[in-house]
There are 2 protein chains.
Amino acid sequence: MDRQQDNLRQRPLLTVDVVIFALREGDLHVLLVRRKRPPHMDMWAIPGGLVELDEALEAAAVRKLEEETGLCDVYLEQLYTFGDPRRDPSDRLISVAYFCVVPANSVVPCASEDAEHVRWWSIYGLPPLAFDHPQILRYALIRLRYKLEYTAVGFELLPKEFTLTELQSTYEIVLGETLDKRNFRRKILSAGVIEPSGLQRTGEGRPARLYRYREDAVAEVKARRLFP
Amino acid sequence: MDRQQDNLRQRPLLTVDVVIFALREGDLHVLLVRRKRPPHMDMWAIPGGLVELDEALEAAAVRKLEEETGLCDVYLEQLYTFGDPRRDPSDRLISVAYFCVVPANSVVPCASEDAEHVRWWSIYGLPPLAFDHPQILRYALIRLRYKLEYTAVGFELLPKEFTLTELQSTYEIVLGETLDKRNFRRKILSAGVIEPSGLQRTGEGRPARLYRYREDAVAEVKARRLFP
DNA sequence: ACAAAAGTGTTGAGAGTACACCCATGC
DNA sequence: GCATGGGTGTACTCTCAACACTTTTGT
């Protein structure tokens with residue numbers, strides 16, 4: 001089997017799909033697009049597309065993310081590669097799935113597409129999805145929850161400055177369980193990954209201190225679980 | 001951008017690479033093959049090859065594993081997908097990397113190839129490797145160590161029956177650190193993932209009880225770290 | 001009897017968990 | 001002054017880590 005023979009084989013199509021998570025309205029949401037062409041025309045799907053031949057995989061994922069949300073410079077991670085021969089009935093299609101989490105209100109979800117065709121969906125009320133995208137989403141959600149437990153990924157869901165109550169609420173929404181307020185605060189503060197910004201957020205009730213994520217804390221956070 | 005246009009694009013070559021770990025002579029080893037064709041002719045490389053167009057990714061990895069080792073039915077896991085456009089200078093090459101761990105003495109490393117071209121290498125004395133395979137190996141090793149800490153993957157490195165000292169030694173070799181005998185035994189036994197087989201291994205010194213892995217224990221092991 | 005490897009408990013320190021009330025502000 | 005959300009401390013339990021000697025066999 002030499003190189004000439006390789007070139008006689010058919011080659012697969014290579015795509016990236018990017019699962020984009022955000023917190024909206026007290027729920028975890030994902031950004032989906034409505035397909036404009038077959039197969040699975042008019043079904044909702046995870047944003048994605050073909051990888052250019054001279055483009056790195058992660059670069060393609062970053063490009064897709066920017067096309068759909070206008071965001072750049074966000075936390076993006078390779079999730080898994082899906083390549084079942086029957087996932088697209090008409091062609092062999094390999095999808096390298098990435099996932100990321102973004103602060104909801106920094107996103108313009110319709111930047112590059114017709115507004116009708118890109119929108120957020122709560123993970124608890126998803127529409128029918130194209131291809132094996134339900135499986136990809138399930139997998140992404142497991143990975144997100146898992147990462148939340150031992151890394152600082154939770155901060156990516158929030159704006160630069162946030163209150164401890166907002167942070168706790170983020171964890172509760174993603175993990176799907178309630179946490180004790182005092183224990184949460186003790187643990188997050190003793191982990192040394194956030195610092196007070198000195199400002200306060202005012203609103204109903206007592207004003208809350210604002211915190212920000214400490215950039216220099218990434219490495220140490222990755223070493224140990226943050227939450228039980 | 002429709003399907004006809006897709007077909008005009010060049011498509012990448014799709015390969016799987018399988019990192020195969022085993023314990024031999026008190027060291028962690030990987031199985032490498034010597035390349036018989038360009039690029040990187042005569043360099044050592046991780047076993048792998050093209051995915052057939054109608055073949056699932058994992059099926060291709062299993063096939064490769066069996067071709068190189070004669071083993072089937074082993075623990076195999078997708079590691080990461082490497083697709084930098086410049087990893088092969090002559091063609092766009094996507095590699096979905098898998099890794100597995102096998103009991104060393106159950107392997108006939110030359111089953112399907114010339115003996116000269118397949119052999120075990122200690123991870124502490126690797127030869128120069130083709131492509132980005134040093135990176136793949138580094139990544140596989142991190143993942144193996146990490147998995148060892150919170151799953152039962154260590155048992156895959158041993159024969160069906162083993163002594164506690166052998167199991168501890170396995171962990172020590174893979175993690176690269178020594179462990180306390182009493183703490184190790186207490187922890188592994190209280191985790192309830194192994195059971196005595198009733199037999200003993202005799203040799204120099206006092207005979208050791210033999211244990212085996214409890215098949216029904218997989219799920220619970222994955223839930224919690226086994227070792228610090 | 002001795003060499004060689006197997007096997008066995010206790011204690012102190014730190015982390016996790018459960019739990020209820022006072023504080024600062026806007027209206 | 002009251003409604004609303006922000007902020008705080010303690011006691012118990014459990015897990016982890018450190019540490020050294022006795023037991024069983026083969027020669």
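To find a chain, count down the sequence lines: A is the first, B the second, and so on, and within it residues start at 1.
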- Pair A:Tyr139-A:Phe99, ring pair (Phe, Tyr, Trp, His ring centres under 6.0 Å): steps then yes or no: CA-CA 10 Å; A:Tyr139 202 79; A:Phe99 86 101; 9.6 Å; no
- Message: Taking donor-acceptor contacts at under 3.5 Å, does the side chain of A:Arg186 reach the base of D:dG9?
- Response: yes
- Query: Hey, does the side chain of A:Arg182 come within less than 4.0 Å of D:dA11's phosphate (OP1/OP2), counting only N and O?
  - Reply: no
- Query: So, is B:Arg185 near the phosphate of C:dG7, with a side-chain N or O under 4.0 Å from OP1 or OP2?
  - Reply: yes
- Message: Working note: A:His117 + A:Asp42, criterion side-chain contact (heavy atoms from CB on, under 4.5 Å); need CA distance, chi angles, decisive distance, verdict.
- Response: CA-CA 9 Å; A:His117 292 98; A:Asp42 289 329; 5.6 Å; no
- Query: Can you check the B:Gln200 CD to C:dG7 C1' distance for me, whole Å?
  - Reply: 12 Å
- Query: Given atom CZ of B:Arg209 and atom C1' of D:dT25, what is their separation to the nearest angstrom?
  - Reply: 15 Å
- Query: Rounded to whole angstroms, how far apart are CG on B:Asp180 and P on C:dT8?
  - Reply: 14 Å
- Message: Between C1' on D:dG6 and OH on A:Tyr211, what's the gap in Å once rounded to a whole number?
- Response: 10 Å
- How many Å lie between CG on A:Leu179 and C1' on C:dG16, as a whole number? 13 Å
- Query: Counting only side-chain N and O atoms of B:Lys181, is one of them less than 4.0 Å from OP1 or OP2 of C:dG7?
  - Reply: no
- Any A:Thr165 side-chain nitrogen or oxygen under 4.0 Å from OP1 or OP2 of D:dG6: yes
- Item | Protein-nucleotide distance (B:Leu167, atom CG; C:dG7, atom P), rounded to Å | 12 Å
- Task: Write down the distance between CZ (B:Arg201) and P (C:dA5), rounded to a whole number of angstrom.
- Result: 14 Å
- Task: Using atom CD of A:Glu204 as one end and atom P of C:dT25 as the other, report the distance to the nearest whole Å.
- Result: 16 Å
- Which of the following nucleotides, D:dC16, D:dC19, D:dG6, is nearest to the side chain of A:Ala208? D:dG6
- Test A:Val30 against A:Leu126 for side-chain contact (heavy atoms from CB on, under 4.5 Å), laying out the working first. CA-CA 9 Å; A:Val30 287; A:Leu126 292 171; 3.8 Å; yes
- Closest-nucleotide 5' rank along DNA chain D - winner of A:Arg206 and A:Leu189: A:Arg206
- Any donor-acceptor pair under 3.5 Å from B:Arg209 side chain to B:Pro196 backbone: no
- Answer yes when A:Arg63 and A:Glu66 have at least one side-chain N-carboxylate O distance shorter than 4.0 Å, and no when they do not. no
